[in-house]
Amino acid sequence: PRIRERARIILSNPYALHQYLPWHHKWQRFFQNLRFIIVDEAHRYRGIFGSNTALLLRRLLRILEHYGAQPQLVLVDSVQTLRSERVESAPGAVAQVRECAALLAATAKANGAALVLVGHVTKEGAIAGPRVLEHLVDAVLSFEGDRGHVFRMLRATIGRESSRTQ
């Protein structure tokens, strides 16, 4: 109940959205306060699965409109899989990650949009590959806890270039 009353963000995948939508009346207060919907693994949504995901997201947006909410929809993927033609290196290389992150940040800033960069994490819980992402972001968000549990804790740490007052 407290999560439904105070949360402002959904971080989900299409399968999990199926758990909320049939019971939307129970999530009314949550939906009214919702500011962002973040859908991970966006590169997987192609073909029939992509069409079904689009229909599911449209349904969610209609339900949210019914409750008076107008959240931003954010589709994300791992920044370490992206490639810019401006840099001659493989995806995941330091130069590629830095360039792709910079291009995404500039585009988000120019459009007044929020930007969520998703990076891979090792089994030990550290950011995988180049640690350049930690220098580029305002905050690093990471899940903690056992994957087998229904709920996990979201930990936020301040990025290296961010002010502690932000």
Side-chain angles (χ1 to χ4, degrees), residues 1-82 84 97 100-121 125 127 133-134 136-159 161-166:
R2 292 183 83 191
I3 290 174
R4 288 186 221 162
E5 293 173 10
R6 297 185 181 173
R8 302 287 185 269
I9 298 173
I10 291 179
L11 180 59
S12 187
N13 60 40
Y15 173 76
L17 286 177
H18 280 291
Q19 308 304 311
Y20 312 129
L21 297 185
W23 307 103
H24 64 86
H25 61 281
K26 291 184 177 184
W27 291 83
Q28 179 177 353
R29 179 176 271 167
F30 173 78
F31 286 154
Q32 288 172 332
N33 296 320
L34 194 63
R35 296 190 48 212
F36 297 99
I37 302 169
I38 302 171
V39 183
D40 191 11
E41 297 290 331
H43 71 280
R44 296 179 185 244
Y45 308 142
R46 298 182 187 143
I48 293 172
F49 183 65
S51 296
N52 288 337
T53 301
L55 291 171
L56 180 67
L57 291 173
R58 282 192 213 114
R59 180 175 174 213
L60 174 62
L61 292 172
R62 280 194 310 272
I63 289 171
L64 294 171
E65 184 179 325
H66 172 76
Y67 292 119
Q70 295 180 329
Q72 290 183 3
L73 180 62
V74 182
L75 301 176
V76 297
D77 203 352
S78 172
V79 71
Q80 284 124 324
T81 63
L82 301 179
S84 170
V97 171
C100 290
L103 288 170
L104 289 168
T107 302
K109 187 174 185 177
N111 291 292
L115 175 63
V116 177
L117 295 174
V118 177
H120 294 262
V121 177
I127 295 177
L133 285 180
E134 293 179 54
L136 298 172
V137 298
D138 294 325
V140 176
L141 304 176
S142 58
F143 285 109
E144 293 185 356
D146 185 6
R147 286 180 177 254
H149 288 98
V150 176
F151 296 107
R152 293 170 55 191
M153 184 170 65
L154 182 65
R155 178 178 301 276
T157 54
I158 296 173
E161 297 298 318
S162 296
S163 161
R164 297 220 180 263
T165 60
Q166 287 183 332

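Only this structure's heavy atoms are used, side chains among them; waters, hydrogens and symmetry mates stay out.
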Query - Partner residues of Gln72 under the side-chain contact (heavy atoms from CB on, under 4.5 Å) criterion, sequence neighbours left out - result: Phe36, Ala114
Report summary line: dist Phe30:CZ -> Leu64:CG (nearest 0.5 Å) comes out at 9.0 Å
Query raised in the report: What class does the angle between the rings of Trp23 and His25 fall in, given that below 30° is parallel, 30 to 60° is tilted and above 60° is perpendicular?
Result: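 The rings of Trp23 and His25 sit tilted, inter-plane angle from 30° to 60°.
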Report task. Please report the shortest heavy-atom distance between Leu34 and Pro71, naming the atom on each side. Result -> O-CB, 3.8 Å
Query - Exercise: identify the closest heavy-atom pair between Cys100 and Ser84 - result: SG-N, 3.7 Å
Do any side-chain atoms of residues 50-61 form donor-acceptor pairs under 3.5 angstrom with protein atoms, and if so which ones, sequence neighbours left out?
| from | atom 1 | to | atom 2 | distance (Å) |
| --- | --- | --- | --- | --- |
| Ser51 | OG | Gly47 | O | 3.3 |
| Thr53 | OG1 | Phe49 | O | 2.8 |

Report summary line: Applying side-chain hydrogen bond (donor to acceptor under 3.5 Å, both in side chains) to His24 and not counting sequence neighbours gives Tyr67
